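Keep in mind it's a predicted model, so treat the numbers as computed, not measured.
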Amino acid sequence: MQSCGLTAYHWCLVGLDLAYLFLGWAAAKGNKYPASRHQNTFVSKCWVGTHIVLGAIVIYGGAVIFILDNQSVSFKNTWVLRLLAVAAVLHSSTVPGMLSKVPGCRKLNVPYYVGTVVINLYTAIQVLCTPTVQNLMQLWGALNAFVYVRLFVFLFHIVSGGADYMVVYTLAMGLAGYFATVANGLHGLSLLIIISPVVGAPLMVSYSRWYHSTFTTSTLTSVESAVVGDATAADRSGGLLFLICSAIHDALDPVDVPHQPSVHVGWYRSLLSWFAADNLPVGDAAKVAALEFTV
């Protein structure tokens, strides 16, 4: 039986998830969800689409089970719980393809992102091994870290009076991962979020230096030869190694990705009127940036 405080937290989470669903739907109507940085190729669109669908299955499936479990009859279908856990594991498996798009200070945000996903994966395996509603609630809450990011971006822009978006996103990413972990009773794992940049940032920089010092234009020639079929076995092997290392480098590249928020759909513009100067002491840039809820 959950405590009253934890139950109240989960009801707040249901409300937040519904708000995010509405915001995502509104942005999608304007063809702005997912964000433009995920729509540069067909493969990228399919990848992020799979990532979003799997995440939505877990988040909104968890919300439904929480509501059902709070009725007179407790939810006891372990197969449904395991299916949601499988969806969470598959969701985590799509993360490597998302890392190259992570904005903000990448030396911090990529480790934050990976640390959060490791915790999500841990809670998913926990549900697979012991399919209880209590364990599913931890998985549901942990995966909501990606919803918290949007909430904190919104709040930070309001209270900061228009701080740089890259800084705000970095703060939001770290706090979202930590908050989602602590709020769900995973206090020991919260340390992973704290130390992830300490370990991850030097590794990212070291790998980038190794990559640039190891692969030269001769490697590119080998890759082109392998593609057209003129390569020796050694060239093909070198070309394959280059492609693999390049994919890893794209995901772990420590160079920041510029990303500026914008107002995407008409009702956002209506909402801006509430953030007028006579209501809140923030500038126009902060008001616009505060409405960036897209992926």
Side-chain angles (χ1 to χ4, degrees), residues 1-21 54-93 95 108-109 111-156 171-200:
M1 188 72 179
Q2 297 185 62
S3 67
C4 293
L6 198 56
T7 300
Y9 160 73
H10 285 130
W11 278 115
C12 291
L13 205 53
V14 170
L16 182 62
D17 288 344
L18 291 175
Y20 185 63
L21 180 64
L54 290 170
I57 289 172
V58 180
I59 288 174
Y60 296 104
V64 169
I65 289 177
F66 167 73
I67 294 171
L68 292 176
D69 193 63
N70 272 268
Q71 305 306 311
S72 56
V73 179
S74 296
F75 190 88
K76 297 180 180 179
N77 192 324
T78 58
W79 282 106
V80 172
L81 301 180
R82 283 196 171 101
L83 284 174
L84 290 176
V86 169
V89 171
L90 293 175
H91 176 268
S92 297
S93 71
V95 165
L108 299 178
N109 271 359
Y112 281 148
Y113 201 116
V114 172
T116 301
V117 170
V118 168
I119 293 172
N120 292 344
L121 191 58
Y122 167 81
T123 55
I125 293 173
Q126 188 173 246
V127 175
L128 283 173
C129 296
T130 311
T132 64
V133 172
Q134 182 179 1
N135 285 342
L136 184 74
M137 292 300 97
Q138 287 192 330
L139 169 59
W140 174 44
L143 202 65
N144 264 282
F146 301 109
V147 179
Y148 293 143
V149 172
R150 281 78 194 175
L151 175 63
F152 290 138
V153 165
F154 180 90
L155 295 177
F156 285 159
L171 290 172
M173 191 73 200
L175 184 58
Y178 183 79
F179 179 79
T181 306
V182 173
N184 286 283
L186 301 168
H187 302 285
L189 292 176
S190 64
L191 182 62
L192 178 61
I193 302 297
I194 297 173
I195 67 172
S196 58
V198 178
V199 177

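Every residue was checked against the side chain to side chain contact (heavy atoms under 4.5 Å, CB included) condition with Leu83, not counting sequence neighbours, and none meets it. For the side-chain hydrogen bond (donor to acceptor under 3.5 Å, both in side chains) test, residues two or more places apart in sequence or in another chain that qualify with Thr132 are Asn135. Under the side chain to side chain contact (heavy atoms under 4.5 Å, CB included) criterion, Val95 pairs with His51, Leu99, Tyr113, Val117, sequence neighbours left out. Taking the side chain to side chain contact (heavy atoms under 4.5 Å, CB included) definition, one finds that Leu128 meets it with Arg82, Ala85, Val86, Val89, sequence neighbours left out. Val199 pairs by the side chain to side chain contact (heavy atoms under 4.5 Å, CB included) definition with Leu203, not counting sequence neighbours. Take Tyr112 and apply the ring pair (Phe, Tyr, Trp, His ring centres under 6.0 Å) test, not counting sequence neighbours, and it matches no residue.
In this structure, Thr123 contributes its side chain and Asn120 its backbone to a donor-acceptor pair below 3.5 Å. Side chain of Tyr148 to main chain of Leu175: no donor-acceptor pair is present (N/O by atom type, distance under 3.5 Å, no hydrogens or angles).
A heavy-atom distance below 4.5 Å is not found between the side chains of Met173 and Leu108. The shortest side-chain heavy-atom distance between His91 and Val58 does not fall under the 4.5 Å cut-off. Annotation: side chain of Leu16 is in contact with side chain of Leu151 (closest heavy-atom distance under 4.5 Å). Using a 4.5 Å heavy-atom cutoff, the side chains of Asn144 and Tyr20 are not in contact. Taking 4.5 Å as the limit, some side-chain heavy atom of Leu139 sits within range of a side-chain heavy atom of Leu136.
To the nearest 0.5 Å, atoms CG (Asp17) and SG (Cys12) are separated by 11.0 Å. Here the CG atom belonging to Leu191 is positioned 9.0 Å from the OH atom belonging to Tyr178, to the nearest 0.5 angstrom. Note that CG of Asp69 is 10.5 Å distant from CD of Gln134, once rounded to the nearest 0.5 Å.
Across all their heavy atoms, Val14 and Ala63 have their closest contact at CG2-CB, 4.3 Å. Residues Phe152 and Ala176 approach most closely at CE1-CA, 3.6 Å, considering heavy atoms. Contact between Gly174 and Ile193 at its shortest, heavy atoms only, is O-CG2, 3.8 Å. What you find for Leu54 and Ala87 is that their closest heavy atoms are CB-O, 3.9 Å. A pairwise comparison of heavy atoms in Val133 and Leu81 identifies N-CD1, 4.0 Å as the closest pair.
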When you look at Tyr9 and Asn184, which way does the side chain to side chain contact (heavy atoms under 4.5 Å, CB included) test go after all the steps?
CA-CA 9 Å; Tyr9 160 73; Asn184 286 283; 3.5 Å; yes
Given Leu192 and Val118, is the side chain to side chain contact (heavy atoms under 4.5 Å, CB included) satisfied, shown in steps?
CA-CA 9 Å; Leu192 178 61; Val118 168; 3.8 Å; yes
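Residue Val147 forms a side-chain contact (heavy atoms from CB on, under 4.5 Å) with just one option from Leu21, Leu13, Ile59, and that option is Ile59.
Under the ring pair (Phe, Tyr, Trp, His ring centres under 6.0 Å) criterion, the residue pairs touching residues 118-142 are His10-Trp140, Phe66-Trp140, with sequence neighbours excluded.
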